[in-house]
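Here is the structure we will look at.
Naming convention: chains lettered A, B, ... in sequence-line order (proteins, then strands); numbering from 1 in each chain. What you are looking at is a predicted structure, and each value in this text was computed from that prediction instead of being measured.
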Protein chains: 2
Amino acid sequence: MGSEKVTSIEVAKRAGVSQSAVSRVFTPGASVSPKMAEKVLKAAEELGYRPNVLARSLITGRSRIIGLVVAYLENQFYPDALEKLSNALQAHGYHILVFMVSNEDDSVDKVMGELLDYQVDGIITASVGMSNALAARCSAAGVPVVLFNRGQDDERLNQVTSNNIEGGRKIAEFLVAGGHKKIAHIAGWSGSSTGRDREAGFRSGLEQTGAELVACIDGKYTREAAAAATREMFSGEDRPDAVFVGNDHMAFAVMDVLRFELKLDIPGDVSVVGYDDVPLASWPAYDLTTLRQPSNRMVEATVSTLLGWIEEGSQDVQKIKIDGPLMVRGSARIPEGWPDERL
Amino acid sequence: MGSEKVTSIEVAKRAGVSQSAVSRVFTPGASVSPKMAEKVLKAAEELGYRPNVLARSLITGRSRIIGLVVAYLENQFYPDALEKLSNALQAHGYHILVFMVSNEDDSVDKVMGELLDYQVDGIITASVGMSNALAARCSAAGVPVVLFNRGQDDERLNQVTSNNIEGGRKIAEFLVAGGHKKIAHIAGWSGSSTGRDREAGFRSGLEQTGAELVACIDGKYTREAAAAATREMFSGEDRPDAVFVGNDHMAFAVMDVLRFELKLDIPGDVSVVGYDDVPLASWPAYDLTTLRQPSNRMVEATVSTLLGWIEEGSQDVQKIKIDGPLMVRGSARIPEGWPDERL
DNA sequence: GAAATTTATGCATACGTATGCAACTTGAAT
DNA sequence: ATTCAAGTTGCATACGTATGCATAAATTTC
């Protein structure tokens, strides 16, 4: 029952000053004398006063809330990014309001409406796309949007991804250099730019060396679809000797099927390469060779882009691509003298 | 530049009605005639009006924001819970504001202040404790708190956990029934109730059957500490033949060390049992026998407790313990005729 | 058809804070 | 002492919405 909200007015009363004075003491950069500050802070301390962020936002037009739209947290890449994003924003006095969506139906649009109702200062979508109508609404509302790990053509949307095309290409070179003859791909969801770009880069890398892609199935970024694709791809006699999987999360499923259902040896019978370098990839149970998405730098770029728009009214739409290194581990045959040959 | 906020006043003007009328149309349960509703909704639609949640909260005293305090998302149990919590709350019109803390310093207290500044309607802490002073402040502010997966003696704090003592006991019975003679424990962080309770239950279960705990080290819920504990515990000649690890996240590290550093066979040389049943536990690479924490039911209990306090002004502090089953898989020797003997 | 009752609507105000403006204080410069 | 500028403070108002109260309209009741 003790919901005794204490307001700036009560503090003012106790300190014997005006409400404006209290407000100014709690507003960085306002004009206050040292004695005033002392009086007010003392009274505030005694009453346990803290400014009401919501009331403040009503007048400043800034809520210090960033909306995060995310589809699923099963793929370790996203909780990791969420943790980093939250920490980085928290350091700047912002906090993350979470909105879960499903990527299939129109829940994105529905949820995004609720998001704007909260007067968020900015929006980050993690691996989630947006309709044009929605982009227009955010733009009209003056709310900047950054697509994290997803590209989209809309000219109003900032985006931060790894260099997926280049990444796909690097993996192709690596597998070809490793002497693989029958290279396959279990692709990321074809409805996503990341999935398409990685595949495109991979294909282009193969072509460049004259190699050929012997099989390619959409793994939809889920364990189930990736496992099914693996069974299909490796059931015949003439199975691939290498497979690039569109992300680590699927790669783990692929490895599980190869090893425990099909009794194949990795990398003896087949090489597996993933994409993301989530923490689990380096655990010895998988020891997965994978292209690292540098989540630290991606988060950094996301936050600075967002705060640039919010605090400095930047108008430059950023389309940032960040290069990542191939993490060579034990799940794929390593070409002769590989680490020296190219950096 | 298009930050054209449209307010209820503009809608009222266009519809030729009062601002109150607009407000009432958007307030469920208010008294409005059908024609009025139609007129207003039409005008609102044309202008793209949506009520400002923050302004509304100022007057209703309800923000529809739930603060979630969480220390780390590396252990898959937490992103999973976060996803479920968010979905469940979203279905009731609430959303989660995320606050990351470190469990070691006093950042919990610091962060909790910011939390209250946002006028959250309730607080969920995931595996994070609270100082008494803090519990008092939340109580004074009338903000209900639910500790998720963490117990604490304070009489003001609701809590939802699995039945950790009973869980520890079940695992002891299982290992003893499996004929293990040298049983060890890599415990959860001794600073947490979950860690202490699981250990206590485990010890009590062993005692009950006359078995003895040959070694026990605090794994602190981290991979690193758990790996170090494993090396210490299994370095000598007289190594344990079974180990109960305080949660799955550590158990994976333990298995990695046992298999890949010490070249031991699981369960041939040593049985491993975890706690949580995160998704990864069922993947064949680990195939971990573990005690399931029923996150669905825990989330359900958390949400209903919280909403009970918020919407019905409940005053009953809940200390909920939920039983979970032992998921018998391949990482520990299975007693003869086990599944039949007891349910 | 008039009175009593219910239902709709508008008016005014309140929520807790920030800020432009004017009035005032202080101290320096003349 | 006198003038002026710089620094402080209080007053009043605004942000966008919800709601008690009084009035007006619609409905029921006899």
Exercise. For B/Ala55 and for B/Gln19, locate the closest nucleotide of DNA chain C by heavy-atom distance; then report the residue assigned to the nucleotide nearer the 5' terminus.
Key: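 Nearest-nucleotide comparison on DNA chain C picks B/Gln19.
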Exercise. Describe the nucleic acid contact of B/Ser20 in one word from base, sugar-phosphate, nothing, applying a heavy-atom distance below 4.0 Å.
Key: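 B/Ser20: base contact, heavy atoms under 4.0 Å.
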May I ask you to test the [X]-[Y] pair for a side-chain heavy-atom distance under 4.5 Å?
X        : Y        : value
B/Pro79  : A/Gln76  : no
A/Ile65  : B/Tyr118 : yes
A/Ile123 : A/Pro144 : no
B/Asp316 : B/Trp309 : no

Practice problem: Decide yes or no on side chain to side chain contact (heavy atoms under 4.5 Å, CB included) for B/Phe148 and B/Met298, but give the supporting numbers first. | Solution: CA-CA 8 Å; B/Phe148 181 87; B/Met298 288 173 67; 3.8 Å; yes
Exercise. Could you please spell out the steps behind the side chain to side chain contact (heavy atoms under 4.5 Å, CB included) verdict for A/Gln90 and B/Met100?
Key: CA-CA 8 Å; A/Gln90 216 164 301; B/Met100 301 290 318; 4.0 Å; yes
Quiz item: Are A/Thr161 and A/Asn149 linked by a side-chain donor-acceptor pair shorter than 3.5 Å?
Solution: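 Per modelled atom types, A/Thr161 and A/Asn149 side chains form no pair under 3.5 Å.
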Quiz item: Hey, which of B/Ile320, B/Ile124, B/Ile310 is the one that makes side-chain contact (heavy atoms from CB on, under 4.5 Å) with B/Thr305?
Solution: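 It is B/Ile320, the one option of B/Ile320, B/Ile124, B/Ile310 that forms the side-chain contact (heavy atoms from CB on, under 4.5 Å) with B/Thr305.
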Practice problem: Quantify the bending of the helix from C/dG1-D/dC30 to C/dT30-D/dA1 as the angle between its end axes, each fitted on five pairs, to 10°. | Solution: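 One end's axis against the other's: 30°.
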Self-check item: Heavy-atom contact window of chain B on DNA chain D, given 5' to 3' at under 4.0 Å
Solution: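 Under 4.0 Å from chain B, the extent on DNA chain D is D/dG16 to D/dG20.
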